[in-house]
*Asks:* 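There's a structure below that I have some questions on.
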Amino acid sequence: MSDPQTRQTPLRRRRAPRPWRWIATGAILGFALLGGWALFTPNKDTATGAAYTATTTVGFMGIFGAFLGALVAAFVLALVVGRNRD
């Protein structure tokens with residue numbers, strides 16, 4: 001018979017995070033945040049006096065927000081994965 005004190009409990013392995021899900025979530029959130037912010041701000045360039053349509057402003061700021069959101073998500077993912085390997 002096996003002694004209860006010598007029986008080993010199996011360790012649960014954590015599944016590795018899926019990086020593309022993190023990056024895609026960051027990009028979607030970044031697009032929504034900066035695109036939404038651009039939608040409710042004036043669309044006039046103060047330096048040149050040029051006025052932009054709302055769709056142009058949301059598009060440019062949304063793409064910029066998606067890039068920043070993906071970058072931040074990748075950085076956070078690197079911190080999380082690096083912390084778990086210690």
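All values below come from the heavy atoms of this structure, side chains included, with hydrogens, waters and symmetry mates left out. Source: prediction; values computed, not measured.
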*Asks:* Judged by atom type as modelled, is there a donor-acceptor pair below 3.5 Å linking the side chain of T25 to the main-chain atoms of R21?
*Replies:*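 Present.
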*Asks:* What distance do L39 atom CG and L34 atom CG have between them, rounded to the nearest 0.5 Å?
*Replies:*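 One finds 12.5 Å between CG of L39 and CG of L34.
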*Asks:* Pairs under 3.5 angstrom only: tabulate donor-acceptor contacts from the side chains of residues 57-80 to other protein residues two or more places apart or in another chain.
*Replies:*
residue : atom : partner : partner atom : Å
T57     : OG1  : N43     : OD1          : 3.4
T57     : OG1  : T53     : O            : 3.0

